[in-house]
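The structure appears below as structure tokens.
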Amino acid sequence: MRIDFAAELDPEQYRAVTTTEGPVLIVAGAGSGKTRVIIYRIAKLLSMGVPQEAILALTFTNKAAKEMAERARTLVRKPLRDLTISTFHSFGASILRKDIGHLGWKENFSIYDESDRARAVKECAREMGFSMDTFDSWKISSLFSALRAGHGELAGDDMQYRHLYDEYRKSLNVYNAVDFDDLIAMPLELFAAHPDVAARWKSRYRYVLIDEFQDTSRQQYDLMMAICGNDVCAVGDDDQSIYSWRGADFGNLLRFERDFPGLAEIRLERNYRSTGSILEAANAVISHNAKRKKKALWSPSGSVGTPLVISEHPDDSAEAEAVVAEMKKLRFSEHLPWDAFGILVRTNAQARVIEEALMETAVPYRTAGGPSFYQRKEVRDMLAYMRVAANPDDDMAVLRVLNVPRRGIGKAGMERLVGLARSRNVSVHIAGEMLERAPDGRIAEKLAAEVSSFFALTVRFRERVQSRAAPLSAALRDLVRDAGYWRYLLEEHRDDDKAAAWKYRNIELLAASIERWEKDPDTLDAGLFAYLARVALVTRDDPDDEEGKVSLLTIHAAKGLEFDTVFLPGCEEGIMPHAKSVEEGGGDIEEERRLFYVAITRARKRLFLSRCAARRVRGGTQATPSLPSSFLAEIPAGLLRGPESDTQGKSESEIAKDFFGKMRTMFGGAGPEKEA
DNA sequence: GTGTTTACTTTTTTT
DNA sequence: AAGTAAACAC
């Protein structure tokens with residue numbers, strides 16, 4: 001590895017990379033080469049002879065972790081198998097994987113996502129006799145999540161759930177499961193109760209690097225402090241803090257300065273990404289925030305670029321069509337590939353209309369919104385089978401597939417089992433065994449037999465995988481057959497076998513992706529548990545940057561990315577800033593502004609802002625017409641211009657298309673689509 | 001015990 | 001609009 005650090009980095013970056021000893025805080029503005037600095041820093045450490053296993057880099061999203069690992073490998077040009085680059089949550093999971101025994105869980109614990117969590121909370125509530133018709137398990141379970149993550153508290157009406165919370169926590173232990181928040185909270189508990197274990201982890205990592213530091217929560221900060229020594233480097237930008245709703249606390253920047261008084265603070269304000277107009281707009285907008293470290297991005301190239309374009313539309317589908325039309329125009333006039341465009345939305349719901357427009361015009365696109373592949377019913381069923389195999393006490397998984405395909409265990413049977421389990425404070429698996437040993441009557445006997453044949457299926461699966469008789473993917477394919485799942489799909493969709501085939505295909509895709517993962521040389525542990533831990537933490541598909549496609553993303557998902565041209569539809573009061581953040585109490589307008597800032601700074605050359613008066617909201621049209629976002633007024637007028645007049649620079653067919661587009665929005669309902 | 005109909009809410013953002 | 005959960009019929 002030969003890297004000329006001084007030549008490949010600017011002076012501030014160079015300092016950030018080479019200040020390897022002692023605490024460092026890097027305040028890195030948008031587009032200042034933050035990821036680059038981290039990658040080079042890792043390379044620097046390795047070039048100094050630091051062993052890979054002594055380096056820990058923590059990021060916030062799977063996507064960032066993956067990208068960082070890939071870029072580091074490319075730069076260093078050798079495999080980095082012993083380097084730890086992971087998210088806080090998966091790092092927490094790996095700590096628990098080794099040492100959860102100290103806390104009274106078993107190593108084969110399951111990781112619950114929010115739907116498992118909500119369901120578990122619901123079970124507990126039912127058990128405790130809450131009236132289920134008014135009980136909102138999603139709401140309560142996210143309250144519990146906040147509680148566990150160390151923000152939010154039980155107050156007022158919510159006090160009644162205190163006992164329920166305790167019950168929920170107990171039930172997780174019975175299920176031998178932990179939830180997302182436990183992945184951070186439990187390692188902290190572990191370290192507090194077992195200093196020897198803490199010392200072992202701490203001694204392993206000599207150099208610790210934290211990315212997106214502004215998005216870390218207080219607990220994550222504590223976890224960092226438990227692991228790191230004095231050679232710790234935090235990289236962040238308070239202006240890009242957009243996760244406070246899940247406990248991110250950019251007060252950690254101040255805390256860090258206080259906890260490491262002698263730290264070196266390095267500021268990266270040189271922006272290599274955007275034109276002068278875009279930077280000026282971004283700086284102007286963010287300067288309205290009172291709570292921030294003062295800084296200003298500047299462009300070393302000094303190019304001004306084109307003004308930002310703002311346009312208004314009668315409704316959201318007209319807005320979507322305008323975005324598509326503009327892209328087609330630029331693609332032609334500037335020879336831009338599709339992947340030069342990013343369409344950034346505040347909410348996933350906004351993406352729908354745009355997706356329709358893209359599909360209609362056959363524009364290739366990728367999206368990170370919407371439920372992930374792993375959320376699909378048939379895929380979740382398969383994962384549930386695997387989870388039961390790994391951890392038979394995982395009741396949420398058991399209840400999901402115990403009668404899928406139908407085994408004649410209906411509502412009554414389920415209630416019987418769950419009732420028995422709850423009364424003895426054991427999992428359904430154990431309850432099934434108890435029933436088998438001491439059945440009372442014919443029905444119980446039959447029930448017990450069915451339950452045990454279900455578990456036998458999963459045990460067989462586990463044994464094959466663990467004895468390495470078959471790789472996971474092959475074992476899964478067999479399981480689909482042995483469980484009769486394929487036949488079940490056919491029966492479920494008797495009237496359209498297309499749907500059945502589609503679902504079967506998804507299962508095949510799952511098996512194929514497992515196979516790929518198993519064969520990947522970077523997979524250190526191709527075991528069942530490792531796989532499940534991995535997929536549990538993937539809540540969203542990170543679309544592998546497919547080339548040649550427009551990106552349609554939420555602003556949150558777009559953080560860290562950049563595009564030649566960015567579209568920002570929905571610049572309306574209520575969307576951006578979002579209504580939920582404007583209303584009384586917990587709302588945080590500054591965070592919304594940061595979100596707007598993040599969106600603006602994704603653009604390299606062109607930025608198109610748009611808004612519309614009427615938006616379609618679940619069926620009907622929105623009650624009151626929307627007003628323009630108050631953030632728009634914060635952009636200096638000199639940087640903005642309106643859309644070009646309709647006919648300018650357009651081909652005849654485009655003009656014609658526009659004409660029909662207008663007709664459609666004026667009269668509605670022209671064409672095959674139905675009107676709400 | 002299972003299949004069908006009806007009532008109803010929903011996610012702001014993500015690990 | 002869509003998808004789920006509960007209510008209802010078989």
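Proteins come first, then strands; the chains are lettered A, B, ... in the order of their sequence lines, and each starts at number 1. Everything quoted here is computed from the prediction, not taken from an experiment. Note that these values count all heavy atoms, side chains included, but never hydrogens, waters or copies made by symmetry.
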Between C1' of dT12(B) and CZ of Phe596(A), the distance in whole Å: 17 Å
Nearest-angstrom distance from the residue atom CD of Gln214(A) to P of dT13(B): 20 Å
message: Roughly how many Å apart are dA6(C) and dT11(B), using the P atom of each and rounding to a whole number?
response: 15 Å
- request: Determine whether any donor atom in the side chain of Arg246(A) lies under 3.5 Å from an acceptor atom in the base of dT13(B), or the reverse, and answer yes or no.
  value: no
Nucleotide dT15(B), atom P - distance to NE2 of His556(A) in whole Å: 11 Å
message: To the nearest 0.5 Å, what is the distance between CZ on Arg534(A) and CD1 on Ile111(A)?
response: 12.5 Å
- request: Among dT15(B), dT12(B), dT2(B), find the nucleotide with the atom closest to the side chain of Asn403(A).
  value: dT2(B)
task: State plainly whether the residues Lys377(A) and Asp381(A) are in salt-bridge range, i.e. N to O under 4.0 Å.
output: no
message: Side chain of Ala557(A) only, heavy atoms from C-beta on: which candidate in dT15(B), dT14(B), dT4(C) is closest?
response: dT14(B)
query: To the side chain of Thr347(A), which of dT15(B), dT13(B), dT14(B) is closest?
result: dT13(B)
field: Whole-Å gap separating C1' (dT11(B)) and CD1 (Ile555(A))
entry: 16 Å
- prompt: Is the distance from OP1 or OP2 of dG1(B) to the nearest side-chain N or O of Arg407(A) less than 4.0 Å?
  reply: no
message: I'd like to know if Glu572(A) and Arg615(A) make a salt bridge, using a cut-off of under 4.0 Å between side-chain N and carboxylate O.
response: yes
message: Looking at Asp394(A) and Asn391(A), would you say the former's side chain and the latter's main chain have a donor-acceptor pair under 3.5 Å?
response: no
Arg406(A) side chain, from C-beta outward: closest of dT12(B), dT14(B), dG3(B): dG3(B)
- line: Residues passing the ring pair (Phe, Tyr, Trp, His ring centres under 6.0 Å) test with Trp486(A), sequence neighbours excluded, are Tyr504(A)
query: So, do His578(A) and dT12(B) meet the stacking rule of ring centres under 5.5 Å and planes under 30°?
result: yes
message: Holding to ring pair (Phe, Tyr, Trp, His ring centres under 6.0 Å), I want the full list of residues that pass it with Tyr175(A), two or more places apart in sequence or in another chain.
response: none
task: Considering just the side-chain nitrogens and oxygens of Thr554(A), establish if one lies under 4.0 Å of OP1 or OP2 belonging to dT14(B).
output: yes
- prompt: At under 4.0 Å between heavy atoms, what does Phe88(A) touch on the DNA or RNA strands: base, sugar-phosphate, or nothing?
  reply: nothing
- request: Using the closest heavy atom to pick a nucleotide of DNA chain B for each, name whichever of Ile409(A) or Glu591(A) lands nearer the 5' end.
  value: Ile409(A)
- prompt: Between Asn348(A) and dT10(B), does any side-chain N or O lie under 4.0 Å from OP1 or OP2?
  reply: no
Separation of dT14(B) C1' from Arg148(A) CZ (nearest whole Å): 19 Å
query: Do we count Trp245(A) as stacking onto dT13(B) if the rule is ring centres under 5.5 Å and planes under 30°?
result: yes
field: Spacing of Trp138(A) atom CH2 relative to dT10(B) atom C1', expressed in whole Å
entry: 11 Å
message: I need the CG-P distance between Asp181(A) and dT14(B), as an integer number of Å.
response: 16 Å
- prompt: Phe180(A) has a side chain; which of dT12(B), dT15(B), dT14(B) sits nearest to it?
  reply: dT15(B)
field: Spacing between His151(A) atom NE2 and dT14(B) atom C1', to the nearest angstrom
entry: 12 Å
